[in-house]
Amino acid sequence: MPELPEVEVVRRGLDRWVTGRIFADVEVLHARVVRRHEGSLRDDLIGEQIRCVSRRGKYLWMPLSNSCSALVAHLGMSGQLLMQSDSTPDEAHLRARFTFTDPGPELRFVDQRTFGGLMVAPLVGDGAGGQLPAIISHIARDPLDPAFDEVAFEMRLHARDTEIKRALLDQSLVSGIGNIYADESLWRARLHGRCRTGLLDGASVRVLLRHVRAVMSEALHQGGTSFDSLYVNVNGESGYFDRSLDAYGQEGEPCSRCGTLIERERFMNRSSAFCPRCQSIS
DNA sequence: CATAGATCCTGTATGC
DNA sequence: TGCATACAGGATCTAT
């Protein structure tokens with residue numbers, strides 16, 4: 001599942017391979033991929049040059065040379081952005097193809113479950129001298145963003161009456177965290193996902209954030225190694241970071257801290273893995 | 001308004 | 001063997 005580290009790996013790859021290139025053609029092979037786009041993606045992109053590749057949380061966008069809009073991408077659950085030679089056979093779940101005016105590789109969007117999407121959207125100021133697509137202005141900065149406001153996050157978290165895991169997954173509070181890194185961060189912080197946010201003091205929140213940053217940084221560091229082919233497997237099965245997981249997917253395995261068997265419970269329509277002994281609910 | 005739950009989607013794994 | 005069901009979950013929409 002692509003969360004912040006995986007999306008950042010993709011961003012770095014795209015930045016190197018598509019920045020400065022000009023769209024020659026766009027082929028949408030599955031209507032659902034552009035369900036949030038009004039009009040023709042092709043018409044809005046042909047002739048536009050990509051200025052750079054940016055990211056906030058799990059969203060990617062490529063500002064265009066018209067200087068007022070960007071191609072926005074979200075990988076959803078299973079999306080991949082791949083650089084491929086035009087002679088490479090189409091992938092089974094190829095949803096969109098972007099070709100360029102130069103002879104370099106084409107860009108493909110492959111997405112088995114079609115939770116991902118593409119759209120061209122207007123850019124607005126981000127309040128700190130930068131720009132971001134208006135459509136994602138509700139997405140909070142992520143914990144690796146230098147402009148992430150830790151104190152403001154603490155206050156918003158404390159004011160909220162909900163469970164801490166739900167809050168971590170709320171992209172309008174803090175972005176980039178998905179089910180895997182939420183479980184890992186909570187395990188490291190010895191917090192149960194159902195712990196109420198109102199019970200956490202500032203120190204606890206800071207410790208939790210420190211673990212969020214650490215686990216994401218470690219995953220990002222390892223993700224860099226599989227990057228040469230410009231292929232990042234984001235279907236949750238491959239996993240260069242799998243060996244480092246202490247909670248996610250570890251149901252029935254002994255907790256690497258105390259030996260108690262990791263348990264799993266359904267929560268928010270998804271699985272939560274945790275150590276029933278280490279992780280406190282209050 | 002804030003929070004909780006339902007929903008979309010398809011390949012893989014499991015159960016009978 | 002074959003069919004049916006459960007499961008994976010990010011973001012958004014709907015309900016309370």
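What's counted below: heavy atoms across the whole structure, side chains too, no hydrogens, waters or symmetry copies. In what follows, chains are A, B, ... by sequence order, proteins preceding strands, each numbered from 1.
The interatomic distance linking A:Glu3 (CD) with C:dG10 (C1') rounds to 9 Å, in whole Å. The separation between A:Asp111 atom CG and B:dT10 atom P is 10 Å, rounded to whole Å. Counting to the nearest Å, the P atom of B:dG11 and the CE atom of A:Met77 are 13 Å from each other. What separates CD1 of A:Ile180 from P of C:dG9 is a distance of 7 Å, to the nearest Å. In this structure, A:Asp170 atom CG and B:dC1 atom P are separated by 16 Å, rounded to whole Å. As a whole-Å value, the separation of A:Arg264 CZ from C:dC7 P is 7 Å. Distance CG (A:Leu168) to P (C:dG9): 15 Å, rounded to an integer number of Å. Atom CG in A:Asp142 sits about 16 Å away from atom C1' in C:dG10, given to the nearest Å.
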Pairs of donor and acceptor atoms involving the side chains of residues 138-149 of chain A, under 3.5 Å and at least two apart or interchain, shall be tabulated with distances.
from: A:His138; atom 1: ND1; to: A:Ile135; atom 2: O; distance (Å): 3.3
from: A:Arg141; atom 1: NH1; to: A:Asp145; atom 2: OD2; distance (Å): 2.8
from: A:Arg141; atom 1: NH2; to: A:Asp126; atom 2: OD2; distance (Å): 3.4
from: A:Asp142; atom 1: OD1; to: A:Leu144; atom 2: N; distance (Å): 3.0
from: A:Asp142; atom 1: OD1; to: A:Asp145; atom 2: N; distance (Å): 3.0
from: A:Asp142; atom 1: OD2; to: A:Arg55; atom 2: NH1; distance (Å): 3.1
from: A:Asp142; atom 1: OD2; to: A:Gly57; atom 2: N; distance (Å): 3.2
from: A:Asp145; atom 1: OD1; to: A:Ala147; atom 2: N; distance (Å): 2.8
from: A:Asp149; atom 1: OD1; to: A:Val151; atom 2: N; distance (Å): 3.2
from: A:Asp149; atom 1: OD1; to: A:Ala152; atom 2: N; distance (Å): 3.0

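Atoms OH and OG, on A:Tyr248 and A:Ser271 in that order, are 7.5 Å from each other to the nearest 0.5 Å.
Between A:Lys165 and A:Asp183 a salt bridge is recorded (basic side-chain N to carboxylate O distance below 4.0 Å). Checked for salt-bridge contact, A:Glu27 and A:Arg108 miss the test: no charged N lies under 4.0 Å from a carboxylate O. A salt bridge does not link A:Lys58 with A:Glu3: every distance from a Lys NZ or Arg NE/NH1/NH2 to an Asp or Glu carboxylate oxygen is 4.0 Å or more. Using a 4.0 Å cut-off between charged nitrogen and carboxylate oxygen, A:Glu184 and A:Arg188 do not count as a salt-bridge pair.
Applying the side chain to side chain donor-acceptor pair (under 3.5 Å) test to A:Arg194 and every residue at least two apart in sequence or in another chain returns A:Glu163, A:Glu265.
One finds a side-chain N or O of A:Ser271 lying less than 4.0 angstrom from the OP1 or OP2 phosphate oxygen of C:dA8. Neither OP1 nor OP2 of B:dC9 sits under 4.0 Å from any side-chain N or O of A:His93. The phosphate of B:dG11 has neither OP1 nor OP2 within less than 4.0 Å of any side-chain N or O from A:Arg113. Close to B:dA2, at under 4.0 Å from its OP1 or OP2, lies no side-chain N or O of A:Arg156. At least one side-chain nitrogen or oxygen of A:Tyr248 sits closer than 4.0 Å to the OP1 or OP2 atom of C:dG9.
With B:dA4, B:dC9, C:dG9 as the candidates, the nucleotide lying closest to the side chain of A:Asn179 is C:dG9. Side-chain proximity of A:Arg166 to the nucleotides B:dG5, C:dG10, B:dT3 is greatest for B:dG5. The side chain of A:Thr162 has B:dT3 as its nearest neighbour among B:dT3, C:dC7, B:dC8.
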At a cut-off of 3.5 Å, list every protein nitrogen or oxygen paired with a nitrogen or oxygen from nucleotides 11-16 of chain C, distance to 0.1 Å.
from: C:dA11; atom 1: OP1; to: A:His74; atom 2: NE2; distance (Å): 2.3
from: C:dA11; atom 1: OP2; to: A:Lys58; atom 2: NZ; distance (Å): 3.2
from: C:dA11; atom 1: O3'; to: A:Tyr59; atom 2: OH; distance (Å): 3.4
from: C:dT12; atom 1: OP1; to: A:Arg36; atom 2: NH1; distance (Å): 2.8
from: C:dT12; atom 1: OP1; to: A:Arg36; atom 2: NH2; distance (Å): 3.4
from: C:dT12; atom 1: OP1; to: A:Tyr59; atom 2: OH; distance (Å): 3.1
from: C:dT12; atom 1: OP2; to: A:His138; atom 2: NE2; distance (Å): 3.2

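Within the structure, salt bridge (charged side-chain N to carboxylate O under 4.0 Å, His left out) pairs that include any residue of residues 267-282 of chain A do not occur (at least two apart or interchain). Among residues at least two apart or in separate chains, salt bridge (charged side-chain N to carboxylate O under 4.0 Å, His left out) pairs with a member in residues 33-44 of chain A are A:Asp25-A:Arg42.
Taken over five-pair windows at either terminus, the axes of the helix from B:dA2-C:dT16 to B:dC16-C:dG2 are inclined to one another by 60° (rounded to 10 degrees).
Side-chain N or O atoms of A:Thr88 include one that pairs as donor or acceptor with a backbone N or O of A:Ser85 at under 3.5 Å.
Here A:Asn269 lies in heavy-atom contact (under 4.0 Å) with a base.
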